[in-house]
K.L.:
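Have a look at the structure that comes next, please.
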Amino acid sequence: MANDLLLTAHHHEAMANACDRGFWMPMALTAEQASQLTHLTAVHSSSQAIALVAQISSLELWSDRDGVTLWLPFVDWLQPLLRPVPLGDRRRLQGWLPQRPQQRQLLNLEQLIRAERLSDLVPQTDGVAADQAA
């Protein structure tokens, strides 16, 4: 089983609120992506680092009112990282880092923990960040 992290954009209290109520917001994911997720985190416009992740206990299919099938992550508690991972080079993150709650990126949690900064993990194509997942 992979140990992937769902990275999305949201306000600074969103993860604590999600852990209090027991679930995050429904997200568009493939079944393969959902099967590999173990944690999630949210960044906001003033974030300087990733310091906390929420553990995903399970994911369930969710149909919105338009009939679109999404995945609903259930979360247990917040876990602090041993060392906050700075976001790093904002220019490199531009177009890759989620800016709205519906946007997301998937990262390997172990790679994030070992990284000096998040921007070091951004795939590069001819010096430009890869397209952001919507």
Side-chain angles (χ1 to χ4, degrees):
M1 177 176 160
N3 198 18
D4 284 350
L5 171 76
L6 175 72
L7 174 67
T8 188
H10 223 293
H11 62 85
H12 64 280
E13 296 173 356
M15 290 194 324
N17 292 342
C19 289
D20 286 345
R21 71 177 178 258
F23 59 91
W24 188 249
M25 65 177 58
M27 301 293 296
L29 301 165
T30 67
E32 181 181 358
Q33 290 169 333
S35 72
Q36 297 175 359
L37 287 178
T38 59
H39 295 81
L40 67 84
T41 195
V43 295
H44 52 93
S45 58
S46 64
S47 293
Q48 297 300 312
I50 295 174
L52 294 170
V53 296
Q55 182 170 352
I56 296 173
S57 58
S58 66
L59 287 110
E60 293 185 15
L61 289 174
W62 173 277
S63 292
D64 71 7
R65 58 186 120 146
D66 295 329
V68 176
T69 301
L70 305 169
W71 289 91
L72 179 66
F74 288 88
V75 291
D76 289 331
W77 61 84
L78 289 175
Q79 299 174 313
L81 296 178
L82 293 176
R83 168 189 65 81
V85 179
L87 296 187
D89 184 347
R90 292 286 182 156
R91 287 179 296 142
R92 198 165 181 188
L93 291 170
Q94 189 174 2
W96 182 87
L97 191 64
Q99 296 297 309
R100 294 184 306 276
Q102 299 80 12
Q103 295 177 320
R104 45 105 178 107
Q105 289 292 348
L106 300 175
L107 301 170
N108 180 276
L109 183 59
E110 285 88 16
Q111 287 178 342
L112 175 69
I113 291 169
R114 289 191 307 266
E116 290 297 317
R117 55 195 194 157
L118 178 64
S119 60
D120 294 342
L121 300 177
V122 175
Q124 297 293 305
T125 329
D126 296 330
V128 178
D131 288 338
Q132 179 178 3

K.L.:
With a 4.5 Å heavy-atom cut-off, do Asp76 and Cys19 have their side chains touching?
P.N.:
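The answer is no, as the side chains (C-beta and beyond) never meet within the 4.5 Å cut-off.
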K.L.:
Is Val53 reachable from Trp77 through a run of hydrophobic residues whose side-chain heavy atoms are each under 4.5 Å from the next?
P.N.:
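No, Trp77 does not connect to Val53 through the hydrophobic network.
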K.L.:
With sequence neighbours excluded, what pairs up with Arg117 under the salt bridge (charged side-chain N to carboxylate O under 4.0 Å, His left out) test?
P.N.:
Asp120
K.L.:
Going by heavy atoms in the side chains, are Leu7 and Val43 under 4.5 Å from each other?
P.N.:
yes
K.L.:
Under the ring-ring contact (aromatic ring centres under 6.0 Å, His included) test, which residues partner His44, sequence neighbours left out?
P.N.:
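Result, ring-ring contact (aromatic ring centres under 6.0 Å, His included) vs His44: His12.
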K.L.:
Hey, are the side chains of Trp96 and Leu121 touching, using non-hydrogen atoms and a 4.5 Å cut-off?
P.N.:
no
K.L.:
Quick one: hydrophobic cluster around Leu70, which other residues, with the 4.5 Å side-chain cut-off, linked directly or via members?
P.N.:
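Grouped by the 4.5 Å side-chain rule, Phe23, Trp62, Val68, Leu72, Phe74 form the rest of the cluster around Leu70.
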K.L.:
Is there a donor-acceptor pair under 3.5 Å between the side chain of Gln33 and the backbone N or O of Leu29?
P.N.:
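Side chain of Gln33 to backbone of Leu29: no pair is present.
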K.L.:
Could you list the residues that satisfy ring-ring contact (aromatic ring centres under 6.0 Å, His included) with His10, not counting sequence neighbours?
P.N.:
Trp24
K.L.:
Side chains of Met15 and Leu52: does their closest heavy-atom pair fall under 4.5 Å?
P.N.:
yes
K.L.:
List the residues meeting side-chain hydrogen bond (donor to acceptor under 3.5 Å, both in side chains) with Glu110, not counting sequence neighbours, and say none if there are none.
P.N.:
Asn3
K.L.:
For the residue pair Leu5 and Thr38, establish whether any side-chain heavy-atom pair is separated by less than 4.5 Å.
P.N.:
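Side chain of Leu5 against side chain of Thr38, heavy atoms only: no contact under 4.5 Å found.
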K.L.:
Please report the interatomic distance OG1(Thr41) to CZ(Arg104), rounded to the nearest 0.5 Å.
P.N.:
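Spacing of OG1 (Thr41) from CZ (Arg104) equals 16.0 Å.
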K.L.:
Under the side chain to side chain contact (heavy atoms under 4.5 Å, CB included) test, which residues partner Ile56, sequence neighbours left out?
P.N.:
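Per chain and number, Ile56 pairs via side chain to side chain contact (heavy atoms under 4.5 Å, CB included) with Leu37, Leu40, Leu59, Pro73, Val75.
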K.L.:
What pairs with Val85 under side chain to side chain contact (heavy atoms under 4.5 Å, CB included), at least two apart in sequence or on another chain?
P.N.:
Leu81, Arg83, Leu112
K.L.:
Where the side chain of Gln105 meets the backbone of Leu97, is there a donor-acceptor pair that is under 3.5 Å apart?
P.N.:
no
K.L.:
Among all residues two or more places apart in sequence or in another chain, which pass the side chain to side chain contact (heavy atoms under 4.5 Å, CB included) test with Ser63?
P.N.:
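Per chain and number, Ser63 pairs via side chain to side chain contact (heavy atoms under 4.5 Å, CB included) with Thr69.
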K.L.:
Answer yes or no: is there a side-chain heavy-atom contact under 4.5 Å between Leu118 and Ile50?
P.N.:
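Heavy-atom side-chain distance check passes, below 4.5 Å.
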K.L.:
Measure the shortest side-chain to side-chain distance between Val122 and Leu93 over non-hydrogen atoms and say whether it is less than 4.5 angstrom.
P.N.:
yes
K.L.:
When you measure from the side chain of Thr8 to the backbone of Pro98, do you find a donor-acceptor pair of N or O atoms at a distance under 3.5 Å?
P.N.:
no
K.L.:
Rounded to the nearest 0.5 Å, what separation is found between the CD atom of Glu13 and the CG atom of Asp20?
P.N.:
10.5 Å
K.L.:
By side chain to side chain contact (heavy atoms under 4.5 Å, CB included), which residues pair with Glu32, not counting sequence neighbours?
P.N.:
Thr30, Gln36
K.L.:
Report, as yes or no, whether the 6.0 Å neighbourhood of atom CD on Glu116 holds more than 12 heavy atoms from other residues, nucleotides or ligands.
P.N.:
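Counting other residues, nucleotides and ligands, CD of Glu116 stays at 12 neighbours or fewer.
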K.L.:
State, yes or no, whether a side-chain contact exists between Met27 and Leu6 at a heavy-atom distance under 4.5 Å.
P.N.:
yes
